[in-house]
Amino acid sequence: MKNKDVYDSALRILAEKNVAGANDDYEERAPYLLAAFCAESAEADRIYRRVNGLTEAKTVNAVYVPLTDDFPCSPRFCAAASTYLAAMLIFDDNTELSDKLFDRYSDMMSAICYELPALVEPIRDKYFF
């Protein structure tokens, strides 16, 4: 799946037409917003991949991910990414809808995290006493 597919899904959530030139502002902001999603969900994605025996994700630029690149997170995160992207794209124009979509995104991420088992990891000694 490409980042463009996530962007197209976000447009469908917003009932926006996906024709050239119709959403230039959205298309310009989408790579930055998708990068923010990937940065925020990186830890959950790392655990999800480890638990499900998937390969590790490649390191992603936390500022910009081109729409032509592959979606860097696991496929399980696509719906949440589309909803997050839709919420952020519409934020300036319709804060009420943006808030509803962000709540839906939060619920989706909570569901993903709820599915993950607890992991036993060593505790790092940061205080050196």
Side chain to side chain contact (heavy atoms under 4.5 Å, CB included) between L101 and Y105, worked out: CA-CA 6 Å; L101 291 171; Y105 149 75; over 6 Å; no
Side chain to side chain contact (heavy atoms under 4.5 Å, CB included) evaluation trace for M88 with R29: CA-CA 9 Å; M88 295 299 107; R29 292 187 294 139; over 6 Å; no
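Salt-bridge annotation for E56 and R50: absent, with no side-chain N of the basic residue lying under 4.0 Å from a carboxylate O of the acidic one. A salt bridge links R49 and D45; the closest N-O separation between the charged side-chain nitrogens and carboxylate oxygens is under 4.0 Å.
Transitive grouping of hydrophobic side chains (ILVMFWY, heavy atoms separated by less than 4.5 Å) brings F102 and L34 into a common cluster. Clustering ILVMFWY residues whenever any of their side-chain heavy atoms sit less than 4.5 angstrom apart, transitively, puts V6 in a cluster other than the one holding Y32. Grouping the Ile, Leu, Val, Met, Phe, Trp and Tyr side chains by contacts below 4.5 angstrom, directly or via other members, places Y64 apart from Y7.
Using a 4.5 Å heavy-atom cutoff, the side chains of E27 and L67 are in contact. Residues N3 and P72 form a side-chain contact, since some pair of their non-hydrogen atoms from C-beta on lies under 4.5 Å apart. Side chains of Y84 and E40 form a contact here, defined as non-hydrogen atoms less than 4.5 Å apart. Side-chain contact between S9 and C78: absent, with no pair of heavy atoms (C-beta onward) separated by less than 4.5 Å. By the 4.5 Å heavy-atom criterion applied to side chains, P66 and D69 are counted as neighbours. Counting heavy atoms from C-beta outward, K2 and T68 have side chains that stay 4.5 Å or more apart.
Atom CD of E28 and atom CG of L33 lie 11.0 Å apart (nearest 0.5 Å). Rounded to the nearest 0.5 Å, atoms CG (L97) and CG (L89) are 11.0 Å apart. Rounding to the nearest 0.5 angstrom, the gap separating the CD1 atom in I112 from the CE atom in M108 is 8.5 Å. Once rounded to the nearest 0.5 Å, the distance linking CG of D99 with CG of N94 reads 9.0 Å. Going from atom CG of D103 over to atom CG of D107 covers 6.5 Å, rounded to the nearest 0.5 Å. To the nearest 0.5 angstrom, I90 atom CD1 is 5.0 Å from D93 atom CG.
Between F77 and M109, the shortest heavy-atom distance links the atoms CE2-CE, 3.8 Å. Residues S82 and A10 share a closest heavy-atom pair of O-CB, 3.5 Å. Closest approach of A44 and C113 over heavy atoms only: CB-SG, 4.2 Å. The two residues V65 and A35 come nearest to each other via the heavy atoms CG2-N, 3.7 Å.
No donor-acceptor distance shorter than 3.5 angstrom exists from the side chain of N52 to the backbone of L54, with no hydrogens or angles considered. In terms of modelled atom types and a separation under 3.5 Å, the side chain of N23 and the main chain of Y26 share no donor-acceptor contact. Of the possible donor and acceptor atoms, one in the side chain of T83 sits under 3.5 Å from a partner among the backbone N and O of A79. Under the 3.5 Å distance criterion, the side-chain polar atoms of S98 are matched with a main-chain donor or acceptor of A87.
Ring orientation note: the planes of F37 and F71 are close to parallel, at an angle under 30° on the 30°/60° scale.
Other residues, nucleotides and ligands contribute only 12 or fewer heavy atoms inside 6.0 Å of the CZ atom of R104.
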